Amino acid sequence: MHTNLLRGLCIFLGVVVILSLGVMVYISHQVWSRLTPAQRMEYKEWHEKKIKITPQGIESPAFTAETIESAKVFDDIFEKDRYKFMKFSSQIDLWYVDRQTTNTAALDALFAKLPEVEPFISAFERLVNQPDYEFDAIIVAPGDLPGPYTTDIFLKGIVAKMIQIKALSLAREGRFKEAFKSAETVVKSSIMQRYIPLMGRLWGIVMRNRGVEIWREAVRSCNDTVLLRRTLERQRELSSWDGYIVEGESLIVSNDIGLIREIARYGVIANIGDMTGYEIHVEANRLEAEYLEKYVLPTCRNGSRVWIMSRISYLKDDIKMPGFLRIMCKVAPSLRSLIIFFIEMPNYKEVYARSQVAKARYDLLMLETERRICELERGVQHGFITGGTSLKDVFADDGRPYGVKPVPYSVGPDGIDQDTRILYDPTNGTFSAGDIFFK
């Protein structure tokens, strides 16, 4: 009887093992089949190739007391009058959507509200001009919740809208030097270090585009060629920055390194000098969980506590999955890493295109400034300062420069020259038809 029982148990276990292996093979096949050839190659490198990262590459010194105080003042001002600032932001959005059809009364009404938000704008300008400023320097209530999970980057989007209205007001009053400075502040606020979490980089793109638009509007109204030449020099200085996404980079790896770099500011240090991308991801999750447990959970408010605990649980498991699948992944780590890669993998082409759009728009800002100077100095519509048209269109496969007639333009992410007949609109799709230019 015992022999029959044992035999039955062995058969049962054998069936379970066979079924489990079958499920593992099926899941692996399904996930693998959904990856493109390029993504499969990226996964292989991410899982197997050692990455050389020097300590200097992820160095992240703590912010100075002045920068932390500036960030706290900025946040405190917002928290004190949150409703007022959010309402003003919504009013700007409404004006922005209809500004081509509305009369000047709507803009005048926004101008009238600027004194109420000037302390908020001034606090932002003070923060951005700190010597050690970085994009992630905006910290919500740093005394309560230190670190990257308190970075409230959406505040930058709100204040950028207000600065746009301020710059328009200054330009109307003929105070173009101050208007240019306001635009420059928004552009400067978007500059960041090589490694920063992907969400921060996407917000950086938003801020840079907003700054470019503010600067372009001020340039369009200015008749002072001396000021225009000075602001062109400043535009060129800021253009030396390479951009948000490096061509061919692994977004998963750079996102994880960015997270590790941010956490390191608060004393949770890692050595990732010779790891694979997958090992870096596992280490990033471990460090994030450690950071949350040691620094955030003990001080967080009750409303955040459930979310923080859930996040810690998620990080320790890497991914949420049924218990039987988690066991399989422990037996076959390659399946675990494949599932993680599939879940975490950003759309590189999408993100890289957004970064290149921001670069193209900035290049076009410089060309538009050159054109405005030549229009005022020489009385020509399509003149450019020497060397201006040598800028290469980032979306042209043949290395041609940007188009210049009827206005400076890029062929856009679709790579097709529309001769500015169609204006590129990312809301139609990142790779939709249209050229990039200023209306």
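Below, each value reflects all heavy atoms present in this structure, side chains not excepted, and no hydrogens, waters or symmetry copies. Here the structure is a predicted model, which means the values were calculated and not measured.
With hydrogens and angles ignored, the 3.5 Å screen pairs no side-chain donor or acceptor of Ser355 with any backbone N or O of Val351. Ser313 contributes no side-chain N or O that, together with a main-chain N or O of Ser310, makes up a donor-acceptor pair within less than 3.5 Å. Using a distance-only test at 3.5 Å, with no hydrogens or angles considered, a donor-acceptor pair links the side chain of Asp425 to the main chain of Thr427. No donor-acceptor pair closer than 3.5 Å links the side chain of Tyr362 to the backbone N or O of Val212.
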Could you go through the side chain to side chain contact (heavy atoms under 4.5 Å, CB included) check for Glu66 and Asp132 one step at a time?
CA-CA 9 Å; Glu66 291 78 8; Asp132 65 332; over 6 Å; no
Side chain to side chain contact (heavy atoms under 4.5 Å, CB included) assessment of Val219 paired with Leu232:
CA-CA 10 Å; Val219 165; Leu232 177 61; over 6 Å; no
Steps toward side chain to side chain contact (heavy atoms under 4.5 Å, CB included) verdict (Ile196, Arg261):
CA-CA 8 Å; Ile196 186 172; Arg261 180 176 175 273; 5.6 Å; no
Going through the checks in order, is the side chain to side chain contact (heavy atoms under 4.5 Å, CB included) test met by Glu45 and Ser250?
CA-CA 10 Å; Glu45 290 190 356; Ser250 170; over 6 Å; no
Derivation and outcome, salt bridge (Lys or Arg N to Asp or Glu O under 4.0 Å), residues Glu283 and Arg286
CA-CA 5 Å; Glu283 182 68 358; Arg286 184 190 70 79; 2.7 Å; yes
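In this structure, the side chains of Gln356 and Ser410 stay at 4.5 Å or more apart for every pair of heavy atoms. You'll find the side chain of Arg201 stays beyond 4.5 Å of the side chain of Ile205, heavy atoms only. Taking the side chain as every heavy atom from C-beta outward, Lys359 and Tyr244 never approach each other to under 4.5 Å. A 4.5 Å side-chain heavy-atom check between Met207 and Val186 finds at least one atom pair inside the cut-off. Residues Val117 and Val159 fail the side-chain proximity criterion, which asks for heavy atoms closer than 4.5 Å. Side-chain contact between Thr276 and Lys49 is absent, with no heavy-atom pair separated by less than 4.5 Å. At a threshold of 4.5 Å between non-hydrogen side-chain atoms, the residues Glu368 and Arg220 do not count as touching. Considering only heavy atoms from C-beta on, Gln418 stays 4.5 Å or farther from Leu423 through its side chain.
Taking each heavy atom of Met309 and Leu297 in turn, the nearest pair found is CG-CD1, 3.8 Å. A pairwise comparison of heavy atoms in Ala179 and Ala218 identifies CB-CB, 4.2 Å as the closest pair. Between Val411 and Asp393, the shortest heavy-atom distance links the atoms N-OD2, 2.9 Å. The heavy-atom pair separating Lys156 from Phe135 by the smallest distance is NZ-O, 2.7 Å. Between Ile214 and Ala167, the shortest heavy-atom contact is CG2-CB, 3.5 Å. A pairwise comparison of heavy atoms in Val187 and Arg208 identifies CG1-NH1, 3.7 Å as the closest pair.
Judged by the 6.0 Å and 45° rule, Arg371 forms no cation-pi pair with Tyr402.
Going from atom CG of Leu259 over to atom OH of Tyr195 covers 14.0 Å, rounded to the nearest 0.5 Å. Rounded to the nearest 0.5 Å, atoms CD (Glu288) and CZ (Arg311) are 4.0 Å apart. A distance of 12.0 Å separates CG of Leu110 from NZ of Lys161, quoted to the nearest 0.5 Å. Between atom CE of residue Met275 and atom CG of residue Asp256 there is a gap of 11.5 Å, rounded to the nearest 0.5 Å. Atom NZ of residue Lys50 and atom CD of residue Glu279 lie 4.0 Å apart, to the nearest 0.5 angstrom. Residue Glu42 holds its CD atom at 7.5 Å from CE of Met345, rounded to the nearest 0.5 Å.
For the residue pair Glu125 and Thr185, no side-chain donor N or O sits within less than 3.5 Å of a side-chain acceptor on the partner. Thr231 and Trp215 are linked by a side-chain donor-acceptor pair at a separation below 3.5 angstrom, with hydrogens and angles left out of the test. In this structure, a donor-acceptor pair under 3.5 Å is absent between the side chains of Thr64 and Gln130. Side chain to side chain, Tyr43 and Ser337 meet the donor-acceptor criterion of an N or O pair below 3.5 Å. Between Thr420 and Asp435, the side chains place no donor N or O within less than 3.5 Å of an acceptor N or O (distance only, hydrogens not considered).
The neighbour count for Asp397 CG, taken as heavy atoms of other residues, nucleotides or ligands under 6.0 Å away, does not exceed 12. More than 12 heavy atoms of other residues, nucleotides or ligands lie within 6.0 Å of NZ in Lys84, so this atom counts as buried by the packing criterion. Within a 6.0 Å sphere centred on CZ of Arg230, heavy atoms belonging to other residues, nucleotides or ligands number 12 at most. Enclosure of atom NZ in Lys80 is not indicated, since only 12 or fewer non-hydrogen atoms of other residues, nucleotides or ligands lie within 6.0 angstrom.
Under the 4.0 Å criterion applied to side-chain N and carboxylate O atoms, Arg82 and Glu79 are assigned as salt-bridge partners. The pair Arg216-Glu213 fails the salt-bridge criterion, with no side-chain N (NZ, NE, NH1 or NH2) lying under 4.0 Å from an Asp/Glu carboxylate O. A salt bridge does not link Lys181 to Glu178: none of the charged nitrogens lies less than 4.0 Å from a carboxylate oxygen. In this structure, Lys72 does not pair ionically with Glu69, as no charged nitrogen and carboxylate oxygen lie closer than 4.0 Å.
Annotation: ring pair (Phe, Tyr, Trp, His ring centres under 6.0 Å) contacts involving residues 403-439, sequence neighbours excluded, are absent.
Judged as a ring-ring contact (aromatic ring centres under 6.0 Å, His included), and not counting sequence neighbours, the contacts of Phe120 are Phe74, Phe78, Phe85.
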